[in-house]
Each structure stands twice: as C-alpha cells, then as structure tokens.
Amino acid sequence: MNNKVKIILPDGKEKCIEKGTSLRKIAEQISMSLAKNAVAGKVNGKLVDISCAVSEESHIELLTLDSEEGLNVMRHTAAHILAQAVERLYGKGNVQFGIGPVIEHGFYYDMKCQVSINQSDLVKIEKEMQNIIQENIPIRSYELSLEEAQAYFKKKKQPYKVELLESIPANEAITIYEQRDFSDSCRGPHLPSTGYVKAFHLTKLAGAYWRGDSNNEMLQRIYGIAFARKKDLDAHLHFLEEAEKRDHRKLGKQLELFMFSEEAPGMPFYLPNGQIIRQELEQFSREAQLKAGYQEVRTPLLMNQQLWEESGHWDHYHENMYFSEVDHTNFALKPMNCPGHMLMYKQKLRSYRDLPIRLAEFGQVHRHEYSGALNGLLRVRTFCQDDAHIFVREDQIEAEMEKAIHLIDEVYGVFGFSYTVELSTRPENSMGEDAAWQMSEQALANVLERIDLPYQVNEGDGAFYGPKIDFHIKDALGRSHQCATLQLDFQMPEKFDLTYVNADNEKQRPVVIHRAIYGSIDRFFGILIEHFAGAFPLWLAPVQAVILPVSSVHQPYAAQLKDTFKAAGIRIEADCREEKLGLKLREAQMKKIPYIFVIGNEEEEKQTINVRKYGEKQSQSLSIMEVQKILQKEIAEKAIRHV
RNA sequence: GCUUCCAUAGCUCAGCCGGUAGAGCACUUCCAUGGUAAGGAAGGGGUCAGCGGUUCAAGUCCGCUUGGAAGCUCCA
C-alpha cells in the first residue's frame, strides 16, 4: 500500500510526503524559518491549524503573520487569550462568554461578567494576557458531537455558547480549543501556542447587545488591536492619534467653525468662519449644477401631515420626523425634499419635450436620530442636502444617469477625493413590477459599463422604490464615506400621479432620479475638515491671508494692502495688535491661514509683500500685483494645498 | 433608545481619604516698537451642568434630569 501522498504548494511545486504528515512537519521540510514562522495553513483553500495532518493529495499553503489571514488567526487567538485572562481574574463561572471574532485591525470579545469591568481594569486584563503569552501555553483542539458540546457548555454554565451551538447544523462536529485552564468552542484555526501572539493592546470597552439585537441582553464588549510586530502596532496607534488630531469636532472648536448647544441637541450652529466654508461649498455646487442644466428651487420646511401620508413617508419614516400643530392642523418638518419637488412638477402640464426637468434644492431637512447616534457634523438632526430630482422619460434614464455621474466626478475631483461605486439592486420588500426593476437595474449597469467605471454590486441593497448607485469617497487617512447617491424611483411618480404628454398626445408616467452629490453639506463639511486637517484649500479658507506689520509704523501700509486685496475679492485681515511678530505669526499658523504677508520698512519702501505660505518655512518678497495674481489664480482653480 | 464612561473659568485641564476653588492659554490694563511659531508685569473672571438626598460639612459620596463620548449586523 502506498503511504505517500502528493501535495501542491502555492508556487506550483509538487512534493511527496508521508500520509498523515502535519503541516508543521511539511513546513520543516521546506525551510527552518518557515517552520518557525508558520502559524496556520490552508488545505485546499480551507483554513486549518498547523497541526492538521494531510492524508490525501491537496493544495497546501502555509500562513505566517505576514499574511492578512495569518494575522487574523493570531487576532482570533488573542480574543481567546482575552477571555482566558478575564476568566482567570474574575473566576470561572462568573463570566459568560458570547462571541469573540476578528475585526479589522484586531478583535473583540463579548461577555457577561458578574462584576462590571471598567476602563481601568483593561490594564489589569492586558497584564494577565501578557502572562498567558509568556507562559506560552500550547493550544490543542478536539472534536465533539453537537450534543456532547452542548452538554459540555451547559455544565460549564455558558448559556450563550449553548445558544450559539443551536444554530449549527446537527451533523457538523464541534471543535473545542483548549489552552490549559481555558476552553472555547471555535471554528478555528488557532495559533500553535499562546506565545505566538506578538503585539496587542486592549483599546476600549463598550456595551453590545447579544447578537446585535436591542431586545436582547446587553453584554460587555472588550476591543483590542493586534499586529505581527510592535512596529505595526505603534503605526496603528499613531494612525489613531492622527485621526484624533483631525477630529472635526475638535478642529471645529479650535478654528471656530461651528458649535453645538444644549438648546438644540444634534443641530449645528455655524460660526462666521464655518459659514464662509458652507457658503463656498454651496456656491460651487450651485454653479456646477446650473452649468449642467439644473434649475434651483426652494420648498417650505413645514408642510402638512397629509402630504407625508400621501408620499408614504408617514408609513416608512414618521418615527424620525418632527411634528407641530398649528391652527388645528398637523404639520411636519420635512425629512426629505422629494414631495415638495413632486408638487412643483405637478404645477403645470408637462410635455415630453420638457423632459428631463432637473430641480435642485439646497434643502434643509430635519430627521430625529437616536441621541446615541449623533456624532458632530457627521450625524446630526438637521442638515442641508444638495438635493435634486430629475424627471425623465424612460428612454432618458441612461443619458441622465451618465450626466449625473460626470457631475459627481467633477465635484469630487476638486477636493482630491478618489471614490468607489456600488450598484444596489432590488431588496426583499420592494414595491413595483419585476419588469421595471429589471429594466432599471440593467440601465444603471449599462451606464457604468459604458463609461467604464468599476463598480461592486450590492444585491438586495437598493431602496424599496428603486435601484441605486452609491459613491464612497476615500479621505486623506484612507477612511471611506458614503456621500453621493443616484436613485431611480418609480413609486413617487405613481403616488403623486405625475404625468407628461407624449408625442401621441397620451399621458405618460415619468421616472424620477433622486440625486445628491455632497449628500449632506454638513456631513461633507465634517469630512472635509478631517480630510484637510483644517488646512483648507485657499478657495475655502475662511481667512485667505493675514497681513502682519512688523511694527505699528507699518499700519497705514497694512491698511492700504487690506483695502487693495479686499477689493480684489480676497478674504484678508490685518493683525495690527501691538504684539511681536513672532506671536502673530504663531497664531496665524495655528489658525492655518493659507498666506501670511509680513510687511516692514523694506516692503513698504519697495511696495512689496513678504509672502509665507502655510506649512512652509521660507518666504519671498513679491510685488503687490504678483501676489494678488497668485492668490486669484489659486482661488479660481480651486487648487488643493499640499501641506 | 440601550450599556459604560464623562461634565470644574471663554478654552485645555489639575483638585488626594468629604473641610468652603487652582494652573496654563485667552481676556482687560500698563510697560516693551518688536523681522518669520509664545517679550514682561498687574488685574478681572466660577451657582464646580441642573435638581434632590446623605452628612456638622459635598466639586468630591448616592439618586434623578440635561448634554457629551465610545459602542450596539462583522454570526462557535
């Protein structure tokens, strides 16, 4: 009998091994360093422990911590070590465990502990985890039948584990992973021993509902991050620090862009500096839209409840709406702009020749969000949408979608955002006929194919009234935000009985495209603050340049310059306080003002300006006209500052 | 909304085991006329988020309210 078996390595090389050889032994045969570094493996694409024996011809892959998959094995083991540490510290039987999966950059474990764990306990737990790693406890696994496993966890008083096992098919064997005093059911794989866990850190503590359902009990969740090297861990901690420095809430306060107040939770107050930026964003969008054939409109904030009942918002959305009763009539603050635009469409008879009609509005909407969901400008209860509704004939859908995509591309390009696109198709409880859905999904796909825009399909993630294309922008720290959206809608025209007269003088139903580019101007502003770390491009900067006279004798020249630049349309200030240049310069830098103009005797004599750009050390003297031209050009081009 | 944590001067924060409030920055005034990231001095500024309780005594301990932060789909 042949007790040899062939294995195929990732590079295509084949090898003959004894039947039943473990992956660890295979690694040893390949190289000592691989044997040392391999933490898990893959047999025919399936993740397995390094101790897994190979008994038939297979594709073999050995994983080290250099691969994402290997790293995730380590993170998973780290989660088990966390559970073990908690159990050691709080006593067996005092902690019930939920799930402990791997997440981006790390892991978490949900548990119910007799005594509640607080932030300062994390240090203690982390120390115990270090001990467990030091002890380098071997991790072994064995299989139990479902019944055996359930009995096992019942005995261990782990009700959540028992519940989890219920959802596993009865014929599947359950793997128990054991590391001395701790054991857990787990799909695996895991590291060979606890000592393989390298750099980790417990980051935060939070509540989490059992199985994510708010009707269930709340467990305590401990989050951790873990990396293959201390260096990677430090880099990630540095990234978190950087993100914190850029936090728009912090910068918003520092740069006096906006504020919040108890009197209106979740509703931003824009301070003069912030309002300038908002206005610029709005104006830029307005100009781009007008060029693209949109007409700007404005609809009331408050409309009667009946309208919202007709539009279907009452049914789907009234829990998120604000109401008010006046003159014995119920009114609602609009959570969306669509119904208003529908009424406008119906204002007169429309011909097929009129379409497409593109109605745009910077519409202020109110939506009641959970208090716990509020987050600076990123999640608010009132915000301004750069909303538009495009009324089209069916045959115009593709062309209009394409135009809208180009507009979005143009706008995002200005901020230096790259983006990815997702096409979401018909969801479960959707309205409308199959044919219409198929036609429209196809239309959207056609457009994306034609303009060669790569996209990902999200099956069943569309709105209940039609499919959509979402745009996700990537900011300077690599984080992704969903902003623009293009949604096809057959329901709204139906509900409002919208029609146009076709060439045969018959009434026809138009299709509506919902379109937003920034999405919420408020949220987009928040994203921009973090993207630029508060150092806005010149066209957005609330103060574009500041004049710093070296001493008070230069104040008249400062005043003259200020007038000149103001007249040229530049937002400029003169800092004429009786302070030293160094102080004024420091303050101007901290306000991230794009240009600093220093003027003294030399400049006044030659009628020049000594210009220093934000973030640069050197400065240069230029004539007034030259400086004015540079700034005007930079503003007109909406150039991005590279700081 | 729920869980945990937090709220002290305009801002950032200190304040131990409960004994009657502190720093830096900012602000005001004065001195200094200063050339590329903080010149010096003096001064004003607090219902310690709000309400209630325990106590001889509460910023501190306990409740409630308000506001804020993190998290609450990533399935052994």
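We name chains A, B, ... by the order of the sequence lines, and we start the count at 1 in each one.
Partners of A:His366 according to the ring-ring contact (aromatic ring centres under 6.0 Å, His included) rule, which considers only residues two or more places apart in sequence or in another chain, do not exist here. Applying the salt bridge (charged side-chain N to carboxylate O under 4.0 Å, His left out) rule to A:Asp461 yields no partners; only residues at least two apart in sequence or on another chain are considered. For A:His201, there are no ring-ring contact (aromatic ring centres under 6.0 Å, His included) partners at least two apart in sequence or on another chain. The salt bridge (charged side-chain N to carboxylate O under 4.0 Å, His left out) test applied to A:Lys112 returns A:Glu217, not counting sequence neighbours. Shown here are the salt bridge (charged side-chain N to carboxylate O under 4.0 Å, His left out) partners of A:Arg379, two or more places apart in sequence or in another chain: A:Glu369. In terms of the ring-ring contact (aromatic ring centres under 6.0 Å, His included) criterion, A:Tyr595 has no residue partners (sequence neighbours excluded). Shown here are the salt bridge (charged side-chain N to carboxylate O under 4.0 Å, His left out) partners of A:Glu587, two or more places apart in sequence or in another chain: A:Arg577.
Rounded to the nearest Å, the gap between the P atom of B:G68 and that of B:C74 is 27 Å. Comparing B:U28 with B:G45, their P atoms sit 16 Å apart, to the nearest whole Å. Across the C1' atoms, B:G10 and B:A49 are found 16 Å apart, a figure rounded to whole Å. Distance check on atom P: B:G63 versus B:A70 gives 25 Å, rounded to whole Å. B:C13 sits 31 Å from B:C31 when the C1' atoms are compared, rounded to a whole Å. The same atom, P, is picked in B:G1 and in B:G40; the two are 48 Å apart, to the nearest Å. Between B:C6 and B:G24, the distance separating the two P atoms is 27 Å to the nearest Å. Distance check on atom P: B:C75 versus B:G18 gives 45 Å, rounded to whole Å.
One atom, CZ of A:Arg75, and another, C1' of B:C74, lie 14 Å apart when rounded to the nearest Å. The distance between atom CG of A:Asp110 and atom C1' of B:U3, rounded to the nearest whole Å, is 12 Å. The nearest whole Å value for the distance from the CG atom in A:Leu164 to the P atom in B:U73 is 15 Å. One atom, CG of A:Asn215, and another, P of B:G1, lie 17 Å apart when rounded to the nearest Å. When the C1' atom of B:U12 is taken as reference, atom CD of A:Gln254 falls 10 Å away, rounded to whole Å. Residue A:Met259 contributes atom CE, which lies 11 Å from atom P of B:C11 at whole-angstrom precision. Here the C1' atom of nucleotide B:A26 and the NZ atom of A:Lys591 are 12 Å apart, to the nearest Å. When rounded to the nearest whole Å, the span between CG of A:Leu165 and C1' of B:C75 equals 12 Å.
Contact detail for A:Glu634 and A:Leu538: the closest heavy-atom pair is OE2-CB, 3.6 Å.
One N or O on the side chain of A:Arg246 and one on the backbone of A:His531 form a donor-acceptor pair closer than 3.5 Å. No side-chain donor-acceptor contact under 3.5 Å links A:His318 to the backbone of A:Asp315.
Anti is the classification of B:C31, since its glycosidic angle lies more than 90° from 0.
A:Lys253 comes within contact range of the sugar-phosphate backbone alone, with a heavy-atom separation under 4.0 Å but no base atom that close.
Applying the side-chain hydrogen bond (donor to acceptor under 3.5 Å, both in side chains) test to every pair with at least one member in residues 88-102 of chain A, sequence neighbours left out, gives these pairs: A:Glu87-A:Lys92, A:Arg88-A:Glu128, A:Arg88-A:Glu135, A:Arg88-A:Asp181. For the ring-ring contact (aromatic ring centres under 6.0 Å, His included) condition, the pairs that include at least one residue of residues 140-162 of chain A, sequence neighbours left out, are A:Tyr160-A:Trp210.
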> How does protein contact run along nucleotides 65-72 of chain B, one letter per nucleotide 5' to 3', with B for base contact, S for sugar-phosphate only, - for none, heavy atoms under 4.0 Å?
Replying inline: -SSSSSBB
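Both the sub-6.0 Å distance and the 45° axial angle are satisfied by A:Arg221 relative to the ring of A:Tyr108.
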> Using Watson-Crick and G-U wobble pairs with both distances under 3.5 Å, what is the 5'-to-3' dot-bracket string of RNA chain B, with [ ] for crossing pairs and | for pairs outside the strand?
Replying inline: (((((((..((((.....[..)))).(((((.......))))).....(((((..]....))))))))))))....
Protein-nucleotides 35-41 of chain B N/O pairs closer than 3.5 Å?
from  : atom 1 : to       : atom 2 : distance (Å)
B:G35 : O6     : A:Asn601 : N      : 2.9
B:G35 : O6     : A:Glu602 : N      : 3.4
B:G35 : N1     : A:Glu603 : OE1    : 2.8
B:G35 : N1     : A:Glu603 : OE2    : 3.4
B:G35 : N2     : A:Glu603 : OE2    : 2.8
B:U36 : O2'    : A:Arg612 : NH1    : 2.9
B:U36 : O2     : A:Arg612 : NH1    : 3.4
B:U36 : N3     : A:Asn610 : OD1    : 3.2
B:U36 : O4     : A:Asn610 : OD1    : 2.3
B:U36 : O4     : A:Asn610 : ND2    : 3.4
B:A38 : N7     : A:Arg586 : NH1    : 3.3
B:A38 : N6     : A:Arg586 : NH2    : 2.8
B:A38 : N1     : A:Arg586 : NH2    : 2.6

